[in-house]
A.B. asks: 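Can you keep this structure in mind? I'll have questions shortly.
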2 protein chains.
Amino acid sequence: MINLRRIDLNLLSLLITVHDTGSVSAAGQALGLSQPATSNALGRLRLALNDKLFVRGPGGMEPTALTARIVPEIRLHLEGLSDALTLPTVFDPNTSQRVFRTALSGLGEQIFLAPLAERVFSLAPGVRLSNVSSPFDDLNRTLTQRHADVALGLLPQQGRHLRQTHLFNEDYRVIAPPSLTQEQVATLDLKRSRLILVVPSATFADDIEQVVAEHGLADNIYLRMRHFGVLPELLSTIDTLAIVPGQFARRLAAANQATLLDIVLPRGRQKVLMVWHVNSDADPACIWLREVICDLFQDPELRG
Amino acid sequence: MINLRRIDLNLLSLLITVHDTGSVSAAGQALGLSQPATSNALGRLRLALNDKLFVRGPGGMEPTALTARIVPEIRLHLEGLSDALTLPTVFDPNTSQRVFRTALSGLGEQIFLAPLAERVFSLAPGVRLSNVSSPFDDLNRTLTQRHADVALGLLPQQGRHLRQTHLFNEDYRVIAPPSLTQEQVATLDLKRSRLILVVPSATFADDIEQVVAEHGLADNIYLRMRHFGVLPELLSTIDTLAIVPGQFARRLAAANQATLLDIVLPRGRQKVLMVWHVNSDADPACIWLREVICDLFQDPELRG
DNA sequence: GCAGGTTTATCATGAATCTGAATATTCTTT
DNA sequence: AAAGAATATTCAGATTCATGATAAACCTGC
C-alpha cells in the first residue's frame with residue numbers, strides 16, 4: 001500500500017497532541033505515556049521525518065514550519081480514522097445528523113432535489129443535504145475523493161470503481177398551461193400548435209430532436225430553451241405547449257403549474273443513472289440514501 | 001484527542017492489507033512481518049474491535065460486514081496520512097498537479113473565476129480549479145471540512161477558525177454600450193438616461209439602492225436585474241446605460257463589451273473578503289493561491 | 001548575567017512484541 | 001472422506017519500546 005510501513009502511525013497521534021498541548025510531558029500524560037517514553041517517541045518521529053518538529057520557546061514546544069504544515073492534514077485524517085471506528089453500525093434516520101452530498105447537474109437539481117429533500121427530511125429530520133456542482137471536475141474524481149455520496153443524471157462515463165443503478169429512461173411529455181382542463185387538452189392538435197422545446201443539456205439534445213422529428217413536429221417548435229426556470233411563467237403568459245423531460249413534466253403537473261397531455265412521446269435512449277463509488281457500497285447511511293432514491297425515482301420495471 | 005489511544009494505529013494498515021490481499025500470510029509479507037506476527041496482530045485488532053473482521057471463505061479471507069464498512073473510510077484516511085507526510089515541502093507551480101477548490105457565489109464566478117483561471121493556468125499549467133457551490137451548506141462547514149481552499153465574496157459571518165483578508169470594497173460603475181466612444185460618453189447626462197441596475201445578490205441590494213438614491217437617479221432605473229449573463233447583449237441591442245459592480249464593469253470594458261463612464265459612484269460599504277481556514281494557513285500551495293488572488297484582486301490601498 | 005525551577009533528553013532495566021521453527025486447527029477442494 | 005492449504009497457536013531468543021531515575025537544557029525572575 002504505502003510507505004507508511006516505515007512510520008509508526010501512533011507517533012502521529014503524538015505529534016498532534018504535542019502540537020496541541022505545547023508540551024511533551026502534557027502530551028505524554030494525555031496519551032497515557034511516561035515523559036521519557038514520550039520524548040523517545042518524539043525522537044523517533046524526528047528521525048523518521050528528518051525534522052526537529054518542535055523547538056523549545058517561551059510558549060512551550062513550538063512547531064517548525066514542517067509541523068505547522070502537516071498537522072492540520074494529519075489531524076483531519078486521524079479524526080477520520082477515529083470516526084470510522086466509532087461510527088454506528090447501523091444508520092438510524094431518526095437520530096442521524098449526517099450530511100449527504102449529491103452531485104446533480106442543473107437539470108438534476110430541477111428534477112431530483114426538491115422531492116429528494118422532501119422525502120429525506122421527512123424520514124430523517126436531522127439529516128442535511130448538500131448538492132455539490134464542480135464545473136471543472138469530472139464526476140469520477142468527485143466520487144472518488146468523496147466530495148459526493150451519489151451522482152444522479154445522464155452519466156455516460158463510468159470509472160472502474162463506480163457502481164450504478166439504472167433509474168429510468170428519460171421520456172418526454174407534452175404539457176399545456178394549467179388553465180386548460182384535461183378535457184380541453186384532449187382536443188388539442190399538436191401539429192397545429194406552437195411548441196416550446198426545453199432541452200436541458202447537450203447530452204439530451206440529439207435524442208429529443210429526433211423524437212420530435214419522427215412525430216413530424218419539427219416545424220412546430222417556435223422556441224428552444226436550455227433552462228426550466230422561466231417555463232412556468234411562459235406557459236401561463238403566452239399560450240403554447242411545451243415538450244419537456246418527463247420527470248419535470250410530472251413535477252409541474254403535480255404543482256398545478258401545467259396540465260399533462262395524454263400523448264407520451266417515446267422513451268429516450270438516455271439512461272438516467274444513479275452512480276456511486278465502491279467506497280460507499282457498504283456504508284449503511286449511503287445504502288439508506290440509495291434506497292430512498294430508488295424508491296422515489298426508479299422505474300418499477302427496472303427493479304430487480 | 002480521541003479514543004484512538006486504545007488502538008494501535010499500525011493495526012489499521014494491517015486491516016487494509018489483509019483486506020486487499022485476502023490473505024494473512026500475504027499481508028504479513030507485504031508489511032514485512034512473519035506469518036505468526038501477522039496473525040497475532042490481527043488477533044489483537046479483533047479483540048479491540050470485538051469483531052471477527054475476516055472469515056475464511058473460498059476466496060481467501062473474506063471481510064465481515066463491519067470490515068467492509070470501515071475499510072474504505074480507513075483506506076482513505078491512511079492514504080491521506082501518507083500524502084500528508086510525503087507532500088512536497090514547497091509548492092512548485094510549474095509541476096504541481098494540485099486541484100484548488102474555491103467557494104464562489106454566482107456573482108463570484110462572474111467576477112473572479114475567469115481572471116483567476118487565466119492567471120493560475122498561466123503560472124501553473126498543471127494546476128486545476130474547481131468551484132464548489134453548496135446551496136445547503138454554510139461557508140463555515142465548507143471550509144472546515146476542506147471542500148474548499150478559499151472563499152471569495154461578501155462573507156459576513158466568520159467562524160472561529162477562519163482567517164480573512166480584505167480584498168476590496170465593492171464600488172459601482174456606470175457603463176455604456178461599447179459602440180460609444182470615450183468622448184461620446186463624456187457628454188452623457190445620467191439624469192436624462194435610461195438606466196439598468198444589476199444587483200447580483202440580496203446582500204448588495206440595500207447598499208447600491210441607497211447610493212443610487214443619493215445621486216437622485218432612483219427614477220432613472222428602468223430595469224433591475226439579478227444576473228449578469230445577458231447584460232452585454234442588452235447593452236448592445238437596446239440603448240441604455242447600466243450601473244454594475246465595479247469589478248464586473250472593468251471586466252466588460254477590458255473585453256470591449258462596454259465603455260466605462262468616468263463617474264465613480266461612492267464605494268459600497270460591502271467588504272469583499274477572501275476567507276480561508278486555519279488548517280490551510282501553512283500549506284505552501286494555499287499560500288501561493290492566496291498570493292495570486294491578492295495580487296489579482298486586492299485593492300493596493302488595503303495591502304500591508 | 002546568574003540562580004531557581006521547570007521541562008526535555010539520556011541511560012539502564014523490565015515488559016511487550018517479533019522472529020523462526022514446529023504444531024494444531026480449520027476450511028476448501030478433489 | 002481425504003488431501004491440500006492456510007490460519008491459529010506455541011515456544012525460545014532477539015529486538016524494540018516503556019519505565020523510573022538521572023542528567024542536561026531551557027525559560028523565568030532577580
Side-chain angles (χ1 to χ4, degrees), chain A residues 1-68 71 78, chain B residues 1 3-68 71 81 85:
Chain A
M1 128 159 225
I2 18 186
N3 63 352
L4 282 185
R5 199 165 75 233
R6 329 188 79 183
I7 287 190
D8 182 347
L9 288 178
N10 300 306
L11 297 180
L12 299 181
S13 264
L14 180 82
L15 180 77
I16 301 297
T17 313
V18 171
H19 176 94
D20 291 351
T21 59
S23 152
V24 171
S25 314
Q29 196 166 4
L31 294 172
L33 289 178
S34 66
Q35 180 272 325
T38 315
S39 177
N40 242 325
L42 182 56
R44 266 174 277 145
L45 192 59
R46 279 169 166 157
L47 199 65
L49 298 183
N50 197 29
D51 187 282
K52 288 195 303 250
L53 298 181
F54 297 96
V55 292
R56 284 176 81 165
M61 297 297 269
E62 288 166 355
T64 63
L66 174 70
T67 306
V71 155
L78 286 183
Chain B
M1 152 151 206
N3 62 353
L4 283 185
R5 197 163 77 232
R6 329 186 80 184
I7 287 189
D8 183 347
L9 287 179
N10 299 308
L11 296 180
L12 298 181
S13 261
L14 179 79
L15 179 77
I16 300 297
T17 313
V18 171
H19 175 94
D20 291 352
T21 58
S23 152
V24 171
S25 313
Q29 195 166 5
L31 294 172
L33 290 178
S34 66
Q35 183 269 328
T38 314
S39 178
N40 235 326
L42 182 55
R44 265 175 278 148
L45 191 60
R46 280 168 166 159
L47 200 64
L49 298 183
N50 196 29
D51 188 281
K52 287 194 303 240
L53 298 180
F54 297 95
V55 293
R56 287 177 77 165
M61 295 298 268
E62 288 167 356
T64 63
L66 174 71
T67 306
V71 155
L81 287 176
L85 295 175

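In what follows, every chain begins at residue 1, and chains take the letters A, B, ... in the order their sequences are listed.
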A.B. asks: Just jot down the side-chain hydrogen bond (donor to acceptor under 3.5 Å, both in side chains) partners of B/S39, sequence neighbours excluded, or say none.
C.D. replies: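 With sequence neighbours excluded, B/S39 shows a side-chain hydrogen bond (donor to acceptor under 3.5 Å, both in side chains) to no residue whatsoever.
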
A.B. asks: For the pair made of CG in B/L53 and P in D/dA8, what is the distance, rounded to whole Å?
C.D. replies: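 Between P of D/dA8 and CG of B/L53: 11 Å.
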
A.B. asks: With sequence neighbours excluded, what pairs up with A/N40 under the side-chain hydrogen bond (donor to acceptor under 3.5 Å, both in side chains) test?
C.D. replies: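 Testing A/N40 for side-chain hydrogen bond (donor to acceptor under 3.5 Å, both in side chains), a comparison that skips the adjacent residues, returns none.
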
A.B. asks: Would you mind reporting whether A/P63 and A/V71 have side-chain heavy atoms less than 4.5 Å apart?
C.D. replies: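 No. Closest side-chain heavy atoms not under 4.5 Å.
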
A.B. asks: Which whole-number value in Å describes the distance from B/Q29 CD to C/dC18 P?
C.D. replies: 17 Å

A.B. asks: B/K52 NZ to C/dT26 C1': how many Å, rounded?
C.D. replies: 13 Å

A.B. asks: CG of A/L33 versus C1' of C/dT8: gap in Å, rounded?
C.D. replies: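 These atoms are roughly 15 Å apart.
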
A.B. asks: Which heavy atom of B/T21 sits nearest to which heavy atom of B/A26, and what is that distance?
C.D. replies: CB-CB, 4.0 Å

A.B. asks: Any pair with a residue in residues 53-68 of chain A that passes side chain to side chain donor-acceptor pair (under 3.5 Å), sequence neighbours left out, goes on the list, sorted by first then second residue, please.
C.D. replies: A/D51-A/T64, A/T64-A/T67

A.B. asks: Which pairs would a plain distance check flag for residues 41-50 of chain B, meaning a side-chain donor or acceptor within less than 3.5 Å of a matching protein atom at least two apart in sequence or in another chain?
C.D. replies:
residue : atom : partner : partner atom : Å
B/R46   : NE   : B/K52   : O            : 2.7
B/R46   : NH2  : B/K52   : O            : 3.4
B/R46   : NH2  : B/F54   : O            : 3.1

A.B. asks: Any protein N or O atoms within reach of nucleotides 9-14 of chain C? Criterion: under 3.5 Å, listing atom names and distances.
C.D. replies:
residue : atom : partner : partner atom : Å
C/dA9   : OP1  : A/R46   : NH1          : 2.7
C/dA9   : OP2  : A/S39   : OG           : 3.1
C/dA9   : N7   : A/Q35   : NE2          : 3.0
C/dA9   : N6   : A/Q35   : OE1          : 3.0

A.B. asks: Taking CG from A/N10 and C1' from C/dA16, how many angstroms apart are they, rounded to a whole number?
C.D. replies: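 It is 14 Å, rounded to the nearest whole Å.
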
A.B. asks: So what does A/S23 hit on the nucleic acid, given a heavy-atom distance under 4.0 Å: a base, only sugar-phosphate, or nothing?
C.D. replies: sugar-phosphate

A.B. asks: Out of curiosity, B/L12 CG to B/T17 OG1, how far, rounded to the nearest 0.5 Å?
C.D. replies: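 Going from the CG atom of B/L12 to the OG1 atom of B/T17 covers 10.5 Å.
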
A.B. asks: Tell me, do B/L81 and A/L9 make a side-chain contact under 4.5 Å, heavy atoms counted?
C.D. replies: yes

A.B. asks: Answer yes or no: does a side-chain N or O of A/S25 lie under 4.0 Å from OP1 or OP2 of C/dT8?
C.D. replies: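 Answer is yes, contact under 4.0 Å.
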
A.B. asks: With sequence neighbours excluded, tell me which residues meet side-chain hydrogen bond (donor to acceptor under 3.5 Å, both in side chains) with A/S34.
C.D. replies: none

A.B. asks: In chain order, what residues pass the side-chain hydrogen bond (donor to acceptor under 3.5 Å, both in side chains) check against A/S25, with sequence neighbours excluded?
C.D. replies: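 Here no residue qualifies.
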
A.B. asks: Without decimals, in angstroms, what is the distance between A/E62 CD and C/dT7 P?
C.D. replies: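 Distance, rounded to whole Å: 15 Å.
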
A.B. asks: Take the protein atom CG of B/L14 and the nucleotide atom C1' of D/dA8, then report the distance between them rounded to whole Å.
C.D. replies: 14 Å

A.B. asks: For the helix from C/dG1-D/dC30 to C/dT30-D/dA1, what angle lies between the axis at the first five pairs and the axis at the last five pairs, to 10 degrees?
C.D. replies: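 Taking five pairs per end, the axes differ by 50°.
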
A.B. asks: Please round to the nearest 0.5 Å and tell me the distance separating atom CG of A/N10 and atom CG of B/D8.
C.D. replies: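 Between A/N10 CG and B/D8 CG, I get 4.5 Å after rounding to 0.5 Å.
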
A.B. asks: Identify the pairs formed between an N or O of the protein and an N or O of nucleotides 23-27 of chain D at a distance under 3.5 Å, and give each distance.
C.D. replies:
residue : atom : partner : partner atom : Å
D/dC27  : OP1  : A/R56   : O            : 3.4

A.B. asks: Quickly work out the B/R44 CZ to D/dT9 P distance and round it to whole Å.
C.D. replies: 13 Å

